[in-house]
Amino acid sequence: MESIILQIAARHMRPLLIGLSLIVLYRGHNEPGGGFIGGLMFGAAYILYAMAFGVDRTQKSIFFNPINLTAVGLFIALISGMPALLLGDSFMTGEWYTFFQGTLMELKLGTPLLFDVGVYLTVAGMLMLVMFSLMEE
Amino acid sequence: MILVLPIILPLLFMVVLIFTRRWLAFQQGFSIFASIMLTFVSFLILTDVQQNGILAIQPGSWDAPFGITLVADLFSAIMMITTSFVAVIIMIYSPGFIDKERQTAGYYPLVFGLLMGVNGAFITGDLFNMYVWYEVMLTSSFVLIALGGSAEQLRGSIKYVTINFVASIFFVSAIGILYGQVGTLNMADLAAKMRTWDEPMYVNSALMLFFIAFSIKSALVPFFFWLPASYHTPPMAITALFAGTLTKVGVYTLFRFYSLFVVFDQQFWMYFILTLAGLTMFIGVLMAASQFDIRKILSFHIISQVGYMVMGLGIFTVGGIAGAIYFTVHNMLSKTNTFLAGGLVYQRSGSYDLKYLGGLYKAKPFLALLFFIPALSLAGIPPLPGFFGKFFLIKGGFEAQQYFITAVAILTGLFTLFSMVKIWNEAYWKKEPEEVKEKGKVHPSALLATSLLAAAVILMGIFAGPVIDVCLQAGEQIVNPEMYINAVLKR
């Protein structure tokens with residue numbers, strides 16, 4: 001299916017959706033959002049691109065293999081439980097750090113966010129893997 | 001902290017195996033090493049539980065009724081050891097049996113995904129978490145059963161997937177009802193609250209839904225039809241892995257739930273479970289005796305043997321439970337072994353159909369021996385472990401004065417012998433038929449794996465004493481759920 005409208009939309013929507021998915025990922029711990037939804041959005045960006053330009057071109061335009069993305073995600077989710085072990089807490093305990101405390105740029109980062117990043121990558125990779133194989137048929 | 005290892009190690013191995021999926025030789029070697037590691041870790045947990053009593057930890061530092069608990073008692077440790085040991089054997093067997101395409105298509109990572117789910121279900125102390133581990137396990141098994149995508153496999157996997165989803169619906173509905181009524185998901189907390197509960201109606205209906213879900217998953221009468229319809233479709237190594245692990249997780253969960261949650265109407269549950277156990281044993285073995293495909297005979301056999309395990313649960317004395325645990329372990333080893341021996345027959349003769357087989361005893365006496373050992377063990381001939389398992393179950397049945405179910409168990413034993421003798425006569429003993437398919441060669445690694453497992457079966461029979469001692473301690477913990485509750489809630 002060649003559609004100029006879809007192609008232009010997909011080209012512009014892809015960076016937008018990826019950016020949005022990162023925002024959703026970050027706010028996910030305390031507000032609606034999180035790794036799962038973010039991952040779906042990230043995957044959707046590439047699925048839209050594949051619908052417009054075909055699976056082959058999409059796969060060439062990405063520098064990673066979806067299955068590797070999933071594996072990286074699983075690994076990140078796994079190591080997000082480790083810092084707690086080093087600090088003497090139970091496995092998977094949430095450890096938080098605040099950067100730039102007291103300034104406008106106050107940034108709270110912690111292992112739950114790292115876990116969410118793992119979920120994000122796993123979901124995105126799995127979604128792309130499944131959709132690409134279905135669309136290739 | 002050792003308690004998280006049975007879950008995170010398979011996950012780690014899975015990640016490694018996904019990245020190295022192109023290097024076949026590395027995958028094969030690493031999987032053997034990894035499953036040996038898992039067995040070792042499970043042994044450490046067993047010794048730890050023996051020394052310090054039931055282990056319970058709270059990942060994430062959320063305390064017991066709120067966070068997810070991981071609990072290991074002796075029963076779960078025994079099941080984990082057996083599962084990982086079966087995995088070691090399957091990992092040695094697979095390079096010689098499964099074709100290269102399937103091996104590189106993600107077979108090894110999926111096996112570890114399956115093991116992660118199975119181990120998770122064995123050590124979780126939280127109802128919903130249990131459901132999640134079941135899903136992890138089932139998702140891996142869905143892909144494994146369809147891996148390669150032959151038409152027969154897809155036919156089998158559709159039945160398998162559908163019925164397992166139905167079972168999951170029952171499972172989640174039951175969790176919902178219980179949570180709505182009692183207000184907690186922690187299994188120990190739930191059990192403690194149920195002991196002072198005054199509304200048995202909701203609890204019993206939830207329990208019945210649980211029972212249906214797990215009897216589908218462990219293939220009890222009348223929910224067993226999916227098993228023989230799907231288990232014979234994938235390559236034998238995958239079937240053997242399923243036979244050795246999956247239905248037994250259902251049995252494990254039945255034990256755990258019965259011990260913790262059956263507080264109302266115990267008389268009813270006892271007769272209900274004993275009736276189903278008797279029917280399962282008998283119907284399973286009758287259907288096995290009427291089949292002509294080795295894989296189908298063995299698949300129906302799984303059902304019949306699950307009946308024995310559940311019979312021990314129905315008796316619910318320390319002796320009965322210990323017998324059932326011993327029987328489960330023996331079954332996981334012997335059953336896998338018969339499947340693997342069947343796979344060797346296929347490699348040699350190119351068929352699973354008894355009509356086209358024959359003369360193997362004359363041509364390959366060692367192959368015949370490898371089938372002979374587990375088959376006799378399943379039939380219950382001393383000194384093989386099947387004899388001790390049945391002996392303790394029947395002894396438990398007499399002590400609990402359940403004469404009828406005991407009689408059924410003894411009768412089923414005869415039919416088991418009959419169906420094993422049928423395979424023996426047809427495949428090994430009778431003359432080789434004229435119209436044979438082309439003959440293949442048995443792969444050395446498949447042969448090695450099957451011999452190792454046969455040796456393990458014999459050892460389990462010889463060292464029945466120490467093994468049954470551990471099983472008796474495990475039975476003690478199952479019969480007294482207070483030990484479990486107190487260990488989790490730290491009272």
Side-chain angles (χ1 to χ4, degrees), chain A residues 28-30 34-36 39 59 63-97 110-134 136-137, chain B residues 1-23 27 55-64 66-71 104-110 112-113 116-117 120 123-126 129 132 135-136 139-140 142-143 146-147 149 154 488 490:
Chain A
H29 189 69
N30 293 320
F36 196 91
Q59 271 172 336
F63 54 92
F64 53 83
N65 188 334
I67 185 83
N68 285 346
L69 198 65
T70 302
V72 171
L74 285 175
F75 185 68
I76 292 178
L78 179 65
I79 57 169
S80 76
M82 299 301 174
L85 283 182
L86 294 179
L87 294 170
D89 284 327
S90 187
F91 180 69
M92 280 278 175
T93 307
E95 308 288 352
W96 289 95
Y97 303 95
T111 52
L113 187 65
L114 195 61
F115 184 82
D116 255 357
V117 172
V119 175
Y120 176 90
L121 296 177
T122 309
V123 170
M126 214 57 218
L127 182 69
M128 285 158 78
L129 184 70
V130 171
M131 288 307 290
F132 286 174
S133 358
L134 285 178
E136 262 177 350
E137 296 299 310
Chain B
M1 272 307 105
I2 189 174
L3 219 45
V4 295
L5 288 182
I7 294 173
I8 60 173
L9 280 184
L11 180 59
L12 186 66
F13 297 148
M14 202 163 94
V15 171
V16 173
L17 287 167
I18 289 177
F19 277 122
T20 56
R21 63 189 177 281
R22 305 241 179 276
W23 307 330
Q27 292 234 309
L55 292 181
I57 62 156
Q58 299 289 136
S61 304
W62 296 97
D63 280 336
F66 309 110
I68 289 170
T69 318
L70 298 181
V71 202
T104 45
Y107 170 71
Y108 293 102
L110 283 166
F112 282 94
M116 176 168 72
I123 60 172
T124 184
D126 183 278
N129 198 232
V132 173
E135 290 302 299
V136 169
T139 312
S140 313
F142 292 161
V143 188
L147 196 68
L154 293 179
V488 174
K490 305 264 183 317

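Order of the sequence lines fixes the chain letters, A, B, ..., with proteins taken first and strands second; residue numbering starts at 1 for each chain.
Of the atoms belonging to B:L17, not a single heavy atom falls under 4.5 Å from chain A.
The environment of A:F36 atom CZ is sparse: at most 12 non-hydrogen atoms of other residues, nucleotides or ligands sit within 6.0 angstrom. Surrounding CH2 of A:W96 are more than 12 heavy atoms belonging to other residues, nucleotides or ligands, all under 6.0 Å away. The neighbour count for A:F75 CZ, taken as heavy atoms of other residues, nucleotides or ligands under 6.0 Å away, does not exceed 12. The neighbour count for A:F64 CZ, taken as heavy atoms of other residues, nucleotides or ligands under 6.0 Å away, is above 12.
Using a 4.5 Å heavy-atom cutoff, the side chains of A:E136 and A:Q59 are in contact. Here the side chains of B:I18 and B:R21 are in contact, with some heavy-atom distance below 4.5 Å.
Contact count versus chain A (heavy atoms, under 4.5 Å) is highest, among B:I8, B:V16, B:L3, for B:I8.
Heavy-atom proximity under 4.5 angstrom to chain B picks out A:L78, A:M82, A:L85, A:D89 from residues 76-89 of chain A. Inspection of non-hydrogen atoms places no residue of residues 115-131 of chain A under 4.5 Å from chain B.
Considering every non-hydrogen atom in both B:S61 and A:T93, the closest pair reads OG-OG1, 2.7 Å. Heavy-atom minimum distance, B:M116 versus B:L11: SD-CB, 3.6 Å.
B:I123 pairs with exactly one of B:I7, B:I57, B:V4, B:V71 by the side chain to side chain contact (heavy atoms under 4.5 Å, CB included) rule, that one being B:I7.
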- Item | CA sep, side-chain torsions, deciding dist, call: A:V72, B:F19, side chain to side chain contact (heavy atoms under 4.5 Å, CB included) | CA-CA 9 Å; A:V72 171; B:F19 277 122; 3.5 Å; yes

